[in-house]
Amino acid sequence: MFEARLIQGSVLKKMIDAIKDIVTDINLDCSSTGISVQAMDSGHVCLVLIELGSDGFEPYRCDRNITLGLGLKALSVVVRCANNDDSITIKAQEGTDNINFVFESPNGEKTSQFEIKLMDIDSEHLGIPDTEYDSVVKMPSHEFQRICRDMSQLGDSIVVACTKDGIQFSASGDMGSGKINLRQSSLVDKEEDQINIELNDPVHLTFALRYLNYFTKATPLSPTVTLSLKAESPLCVTYPIGDFGSMKFFLAPKIDD
Amino acid sequence: KGTQASLMSFFGK
C-alpha cells in the first residue's frame, strides 16, 4: 500500500506545470524515505530530478518500494480539478494498475476522487555524479526568470560567466546584443531577495535559452533559485520545495565548434 | 553558435 497526503495540494499543481513542457511521462519512485522522479527530455539535453522527503506528507505510508508510471497529460487534467487550498492524497494498492487522487477542502466539506491508469514507462536512470561546482549562485527566482525571458529576445543562447566581479548573462543575435551583470548583494531586507555568489573558480558556459525558459516555469515553487556551474559540465538549476524537497534541472552546455 | 551537447555524455547509466 502506498499513501501520501500533501496538505498544500497547490505544490503538486505547480510541480506538474513546471515539467509538463519538458517531459510527457514520469515514474514516481516511492520508498519509505519519500518520492523521487527522474525524467529526461526526448532530445537527451536536459533532465528533471524531483526529490520529496516523506516528512513533507502527513500521513506517508509506503510498505514496499513501488514505481508508479504516469502520463503527465492525465495527471495535469486531474490535478487541475483540485482547488489551490485542497489537500491532495495519492494512493496506490499493490497489484492494481490504477492510482487514486483524493482532494479535500480545508473544512472537509468537499472531497473529490479521481483515478488514473498507470503506465509502464521505460526510462533510463542516469547516474548523476557528485560534483564540486566552480560557482554556485543563489538569486531571486523571478530575477532569473526575467533574465532568461529578456535574453531570449536577443538570441537562442545565453553565455553565463562568473568571476570575482559577479555573474554576467549575455546574449547576441542579428538584432544586437545585451549583457546583464549581478553582484553579490550587501544589505537586503528579505533573505529571498539576496544574491549570493560562491566562487571557487571563474567559469564561462553557454546554454540554450529554450530549456532555461522551460525551467523557469518552476518559479512559482520557490522565491529563490540556485545555479550551480562547472566548466564544460551540465548546469544545475535548483528550486527548493518547502523545506522537504527540491526540483532540479540539469542542462548540457553548448560546446564550441 | 556552439553545438548542443547531450547529457548522456556527462551522466552515466
Side-chain angles (χ1 to χ4, degrees), chain A residues 22-23 38-49 122-131 133 151 154-160 170-174 177 204-212 214-215 228-237 248-257, chain B:
Chain A
I22 304 174
V23 290
Q38 191 193 103
M40 232 192 319
D41 79 306
S42 57
H44 295 176
V45 172
C46 68
L47 180 139
V48 184
L49 180 67
D122 195 19
S123 77
E124 296 162 283
H125 249 77
L126 293 184
I128 302 166
D130 279 334
T131 305
Y133 287 100
M151 288 286 131
L154 289 166
D156 298 336
S157 301
I158 190 167
V159 177
V160 184
S170 56
S172 60
D174 298 340
S177 64
H204 184 279
L205 286 157
T206 306
F207 299 102
L209 275 163
R210 182 158 75 102
Y211 296 95
L212 294 178
Y214 289 148
F215 302 168
S228 304
L229 299 126
K230 184 179 167 67
E232 292 170 34
S233 300
L235 164 74
C236 175
V237 181
K248 289 184 181 175
F249 298 95
F250 294 89
L251 175 60
K254 285 183 139 188
I255 309 278
D256 287 339
D257 294 316
Chain B
K1 102 194 144 176
T3 306
Q4 178 63 59
S6 163
L7 259 193
M8 311 289 266
S9 53
F10 299 98
F11 294 170
K13 276 183 211 172

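Every chain is numbered from 1, with letters handed out A, B, ... down the list of sequences. Only heavy atoms go into these numbers, but all of them, side chains included; no hydrogens, no water, no symmetry mates.
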Query raised in the report: Can you tell if the side chain of A/F250 reaches within under 4.5 Å of the side chain of B/F11, non-hydrogen atoms only?
Result: yes

Requested in this report: Find the distance between CG (B/L7) and CG (A/L251) and round it off to the nearest 0.5 Å.
Outcome: 7.0 Å

Report summary line: The reported gap from CZ in B/F10 to CG in A/L47 (rounded to nearest 0.5 angstrom) is 13.0 Å

Query raised in the report: If you look at every heavy atom in B/A5 and A/V45, which pair is closest and at what distance?
Result: O-CG2, 4.3 Å

Report task. Taking all heavy atoms of B/S6 and all of A/A252, pick out the closest pair and write down the distance. Result -> C-CB, 3.9 Å

**Report entry** ring pair (Phe, Tyr, Trp, His ring centres under 6.0 Å) against A/Y211, all qualifying residues, sequence neighbours excluded
**Finding:** none

Report summary line: Contacts of A/S233 meeting side chain to side chain contact (heavy atoms under 4.5 Å, CB included) (sequence neighbours excluded), chain-then-number -> A/K230

